[in-house]
Each structure stands twice: as C-alpha cells, then as structure tokens.
Amino acid sequence: QQPVQSPQAVILREGEDAVINCSSSKALYSVHWYRQKHGEAPVFLMILLKGGEQKGHDKISASFNEKKQQSSLYLTASQLSYSGTYFCGTAKSGNTPLVFGKGTRLSVIA
Amino acid sequence: GAVVSQHPSRVICKSGTSVKIECRSLDFQATTMFWYRQFPKQSLMLMATSNEGSKATYEQGVEKDKFLINHASLTLSTLTVTSAHPEDSSFYICSARDPGEGSPTGELFFGEGSRLTVL
C-alpha cells in the first residue's frame, strides 16, 4: 500500500527549514528517503530501520516512529540545491521492493 | 555504494516497435532486480520484480506479455517493451540491492533511468 506524503509541495526561501512527512497504514521494516531532480534518477538520502531511529548528515535528518509507522525528513537551513521532489519509500522486509509515496515537491528560492 | 547502470538513457521509437532496456549491476551480483515506471510529475510505480533464473513477478495491472523481463545472469536484467504505443512513453528505472556489504540495511540502488518516447 502506497505511503502517504505531506505536504504535496512547499516553497522555501534559502535558509528556511522544512519538514516532510511519510506515513503508512502497514507495519514497516524500513523507510527510505530519496530526492529526485527533474529528468534524473532518484538519489538516495538515507534509510531508517524499524526500532525507531533518527539519522542525519549535513543539514538533512530524518526520524522513524515505528509505533505510528511514520517518518519525517527534516531539512534545515535550506539551500538552492535542496530543490527537487522528495520521495519516501517503504519496505515490509529487507528484501522486498520499495513502495513510494507520491512525492513532495520542494522549491528553494533565493 | 553499489553501482547499477542502465542503457539506453534515452530512446525514441515508432509505434508498434519493440524496445529493449538493459540494467546491469556493475560491482555486485543481484539475484533480484526491481523495475519501476514513472510518468511525468508522478511517483515511481513498481512494475515487476526480476528474478535471476526464473520468471519475473509482475504487479497487478502490468501486462507481462507487453513488458517482457529477462534476468539471465546475476548482473543483467532486461526489460523489453513490445509493440510500444505512445501511452508507454515513460521513464523506466531499474534498481537492486547489494546482498553483500554494499547495502547491509537494505538500501536500494537505482540505475540512471531510461526515458522512452513512442511516436
């Protein structure tokens, strides 16, 4: 079942923060976050496993609330390069395919 | 990380012809590969799971006779769009996990994608 992402789109000025949410009605093994630029393949950002965890690198971090089957991606002090569509992908186990949400279009303007 | 490569990156064909897209795992062996399709401004939709040495598993609504998948070796899976029509125009992306140390947590590696345009 497709995870639900929110918001659908967001516009930020450079330096502002954003949160993108991803929720599922099914028990999850992992949540994966990707960013896709127009006309390109998705680029892996990070993966969070069940058990609840937080991860981050640079100014992008994420959390996974296993009880609620929800994950959030945090973008702080956004840069122009953060623009793109962010997808969360969920997996029921370590070797099943990912099911992707509809995506969140992020636009960072100067 | 592990590398997955697709070819061709772009292809234009006439309606009624067949097109083959190749997906290779360059530095690992993939017994399973996943094929996704993405229409403009939409999400990635899983089409099928390609299994080395056996038949592919297709998602509901995906015509297996139209989208032929062959996974003849541990490093190569091919998707053939047969008798292509304009509505088949899309971005096709393959992906795989490295069963070794490349993706211990289940990270999925994507190819560069293949943009198909059917005239």
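First the proteins, then the strands, lettered A, B, ... as listed; each starts at 1.
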Which atoms of Leu44(B) are under 4.5 Å from chain A, going by heavy atoms: the side chain, the backbone, both sets, or neither?
both
Between Thr49(B) and chain A, which part of the residue has a heavy atom less than 4.5 Å away: side chain, backbone, both or neither?
side chain
Under 4.5 Å between side-chain heavy atoms, hopping through other hydrophobics if needed: is there a path connecting [X] to [Y]?
{"X": "Ile69(B)", "Y": "Leu116(B)", "answer": "yes"}
{"X": "Val10(A)", "Y": "Leu80(A)", "answer": "yes"}
{"X": "Val43(A)", "Y": "Ile47(A)", "answer": "no"}
{"X": "Tyr36(B)", "Y": "Val11(B)", "answer": "no"}
{"X": "Phe44(A)", "Y": "Trp35(B)", "answer": "no"}

Just checking [X]: does its [atom1] atom have more than 12 heavy atoms from other residues, nucleotides or ligands closer to it than 6.0 angstrom?
{"X": "Lys66(B)", "atom1": "NZ", "value": "yes"}
{"X": "Lys37(A)", "atom1": "NZ", "value": "yes"}
{"X": "Gln8(A)", "atom1": "CD", "value": "no"}
{"X": "Ile109(A)", "atom1": "CD1", "value": "yes"}
{"X": "Arg115(B)", "atom1": "CZ", "value": "yes"}

Checking Phe100(A) against Gln38(B) for the side chain to side chain contact (heavy atoms under 4.5 Å, CB included) test, could you report, in this order, the C-alpha distance in whole Å, the side-chain angles of both residues, the deciding distance, and whether it holds?
CA-CA 11 Å; Phe100(A) 287 92; Gln38(B) 185 178 35; over 6 Å; no
Just so I know, are the side chains of Phe34(B) and Leu98(A) near enough to count as touching, which here means a heavy-atom distance under 4.5 Å?
no
Side-chain heavy atoms of Pro42(A) within contact of Ile93(B), under 4.5 Å
yes
Less than 4.5 Å to any heavy atom of chain B: does that hold for the side chain of Thr85(A), its backbone, both, or neither?
neither
Quick one: NZ on Lys102(A) to NZ on Lys41(B), what's the gap to the nearest 0.5 Å?
15.5 Å
Could you tell me which non-hydrogen atom of Gly111(B) sits nearest to which non-hydrogen atom of Ala41(A), and how far apart they are?
O-CB, 3.2 Å
Closest contact, heavy atoms only, Phe91(B) versus Gln36(A):
CE2-NE2, 4.1 Å
Quick one: does any side-chain atom of Ser43(B) pair with a main-chain N or O of Gly101(A) as donor and acceptor, under 3.5 Å?
yes
Should the pair Phe110(B) and Tyr34(A) be assigned to parallel (<30°), tilted (30 to 60°) or perpendicular (>60°) ring geometry?
perpendicular
Quick check on the structure: residues of residues 17-26 of chain A within a heavy-atom distance below 4.5 Å of chain B, by number.
none
